[in-house]
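Structure, as structure tokens:
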Protein chains: 2
Amino acid sequence: MKARNLQSRKRYAARAAIAKALAHPSRLMILDALEAGERCVCELTDLVGADQSTVSKHLAVLKQAGLVADRKEGVMSFYRVKVCCLAGFWKCIETVLTENLKAHQEALG
Amino acid sequence: MKARNLQSRKRYAARAAIAKALAHPSRLMILDALEAGERCVCELTDLVGADQSTVSKHLAVLKQAGLVADRKEGVMSFYRVKVCCLAGFWKCIETVLTENLKAHQEALG
DNA sequence: ACGTTACATGGCGAAATGGGCATATAGGAA
DNA sequence: TTCCTATATGCCCATTTCGCCATGTAACGT
């Protein structure tokens with residue numbers, strides 16, 4: 001039972017690692033942009049409006065989590081979404097946000 | 001366009017706040033347990049195996065994000081899942097983990 | 001060769017997070 | 001009242017995250 005517990009902990013840790021990669025506004029913005037097709041780092045840097053090195057690190061986080069993949073072409077790197085299931089993420093999060101808003105308004109009214 | 005940008009940033013921040021609440025192994029473990037029905041803090045404390053105050057704080061994070069709700073009964077607090085869409089989360093995360101594992105094995109073999 | 005452009009990485013400080021201990025609060029029992 | 005139990009909160013410390021700056025690296029043009 002102890003071994004099982006350990007394994008279950010590892011499972012949760014692995015899941016949390018994915019969620020962690022999604023837990024930053026800039027990274028969500030990047031993923032959103034990549035859903036429309038691959039983008040180079042410079043485009044994403046413009047989009048996010050942060051330092052290029054910052055964006056590069058965000059992309060490294062997403063890549064490490066297995067959420068995006070990259071392709072080098074000459075001097076540039078193009079990133080793309082690697083998984084197909086993110087739509088469910090957005091939907092769920094939007095649902096939560098909507099319900100929170102509703103609850104908040106009920107609390108006021 | 002600047003206003004739109006600001007609003008879009010707020011959107012991403014709100015989404016990230018939800019993802020952040022999901023980005024911890026203990027909180028995922030708690031949510032998993034709550035999917036089977038409401039639990040009191042003491043049960044969850046046993047489950048997670050951390051200090052009671054730590055678990056209490058994790059629950060506060062989940063509540064703040066609107067993911068769980070609580071109900072007081074005498075001395076005890078019972079928490080329950082408040083949203084219905086978490087199954088999609090698990091599924092998506094599991095998909096990512098599976099693909100990552102596959103990619104890793106291909107990289108080896 | 002040199003310079004430029006695109007990107008990645010190291011380092012540093014600031015801020016956020018996490019965890020346990022101690023304490024506060026509050027309900028129930030005696 | 002006093003004690004005990006269940007939970008929440010404050011405090012402190014360790015760790016992590018985040019952002020920018022500076023620098024490294026690599027491809028391309030001249």
Side-chain angles (χ1 to χ4, degrees), chain A residues 5 9-10 12-31 33-34 37-80 82, chain B residues 5 9-10 12-31 33-34 37-80 82:
Chain A
N5 223 319
R9 273 169 203 285
K10 277 194 186 177
Y12 287 118
R15 290 178 174 187
I18 308 290
K20 237 173 171 180
L22 291 163
H24 191 287
S26 299
R27 291 198 285 272
L28 295 186
M29 201 181 323
I30 289 171
L31 283 175
L34 294 186
E38 67 174 18
R39 298 276 183 275
C40 68
V41 179
C42 54
E43 286 175 300
L44 297 171
T45 299
D46 282 352
L47 173 72
V48 172
D51 194 90
Q52 174 268 316
S53 68
T54 301
V55 174
S56 208
K57 282 175 192 171
H58 281 311
L59 288 166
V61 171
L62 291 171
K63 185 180 173 184
Q64 166 71 23
L67 294 170
V68 304
D70 63 334
R71 171 180 73 85
K72 317 246 177 216
E73 185 176 321
V75 190
M76 316 214 295
S77 291
F78 290 91
Y79 284 79
R80 64 183 180 278
K82 199 180 160 191
Chain B
N5 223 318
R9 270 167 205 285
K10 278 193 185 176
Y12 287 117
R15 290 178 173 186
I18 308 288
K20 236 172 172 180
L22 292 163
H24 192 285
S26 298
R27 292 199 283 271
L28 295 186
M29 202 180 323
I30 289 172
L31 283 175
L34 294 186
E38 68 172 18
R39 298 276 182 274
C40 68
V41 179
C42 54
E43 286 174 301
L44 296 171
T45 299
D46 282 351
L47 173 72
V48 173
D51 195 89
Q52 174 267 318
S53 69
T54 301
V55 173
S56 206
K57 284 174 195 171
H58 281 311
L59 288 166
V61 170
L62 292 172
K63 184 181 173 182
Q64 166 70 24
L67 295 169
V68 305
D70 63 335
R71 171 180 72 85
K72 317 244 177 215
E73 187 177 319
V75 190
M76 315 212 297
S77 291
F78 290 91
Y79 283 80
R80 64 183 181 279
K82 199 181 161 193

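A:Ser77 comes within 4.0 angstrom of the backbone, heavy atoms only, and of no base. At a threshold of 4.0 angstrom between heavy atoms, the contacts of A:Ala50 are confined to the sugar-phosphate backbone, with no base atom among them. In this structure, A:Phe78 reaches neither bases nor backbone, as no heavy-atom distance under 4.0 Å exists between it and the strands shown.
Atom CG of B:Asp51 is separated from atom C1' of D:dG10 by 14 Å (rounded to the nearest Å). Between the CG atom of B:Leu28 and the P atom of C:dG18 there is a distance of 11 Å, rounded to whole Å. Nucleotide D:dC18 holds its C1' atom 14 Å from the CG atom of A:Leu62, rounded to whole Å. Straight-line distance from the OH atom of B:Tyr12 to the P atom of D:dC18: 17 Å, rounded to whole Å. Residue B:Lys72 contributes atom NZ, which lies 16 Å from atom C1' of C:dG28 at whole-angstrom precision. Rounded to a whole Å, the NE2 atom of A:His58 is 13 Å from the P atom of C:dA8. Remark: P of C:dT9 and CD of A:Gln64 are 11 Å apart, rounded to the nearest angstrom. The separation between A:Leu22 atom CG and D:dT17 atom C1' is 16 Å, rounded to whole Å.
Of the possible donor and acceptor atoms, none in the side chain of B:Thr54 sits under 3.5 Å from a partner among the backbone N and O of B:Ala50. Using a distance-only test at 3.5 Å, with no hydrogens or angles considered, a donor-acceptor pair links the side chain of A:Thr45 to the main chain of A:Val41.
You'll find that the side chain of B:Lys20 is closest to C:dT17, out of C:dC7, C:dT17, C:dA6. The side chain of B:Val41 has D:dA8 as its nearest neighbour among D:dG19, D:dA8, C:dG28. The side chain of B:Lys57 sits closest to C:dC21 out of C:dC21, C:dA8, D:dA8. Considering only the side chain of A:Met76, C:dA6 comes nearest among C:dA6, C:dG19, D:dT5. Listed candidates were D:dT7, C:dG18, C:dA8. Nearest to the side chain of B:Arg27 is C:dG18. The side chain of A:Thr54 approaches D:dC20 more closely than any other nucleotide in the set C:dC7, C:dG19, D:dC20.
The base of D:dA8 sits with one of its N or O atoms less than 3.5 Å from a complementary donor or acceptor on the side chain of B:Gln52. At a cut-off of 3.5 angstrom, the base of C:dC21 holds at least one donor-acceptor pair with the side chain of B:Ser53.
Side-chain N/O atoms of A:His24 include one lying less than 4.0 angstrom from OP1 or OP2 on D:dG19. A sub-4.0 Å separation between OP1 or OP2 of C:dA8 and a side-chain N or O of A:Tyr79 is present.
Contact of the B:Leu59 side chain with the B:Lys57 side chain is not registered, since no non-hydrogen atoms from C-beta on lie closer than 4.5 Å. For the pair B:Arg15 and A:Leu28, the minimum side-chain heavy-atom distance is below 4.5 Å.
Here the shortest heavy-atom pairing between B:Leu22 and A:Ala19 reads O-CB, 3.5 Å.
Map A:Gly49 and B:Val75 each onto its nearest nucleotide of DNA chain D; the residue landing nearer the 5' end is B:Val75. DNA chain D is contacted by both A:Ser26 and A:Gly74; A:Ser26 maps to the nucleotide lying nearer its 5′ end (nearest heavy atom per residue).
For the atom pair CE (B:Met29) and CG (B:Leu31), the distance works out to 11.0 Å, reported to the nearest 0.5 Å.
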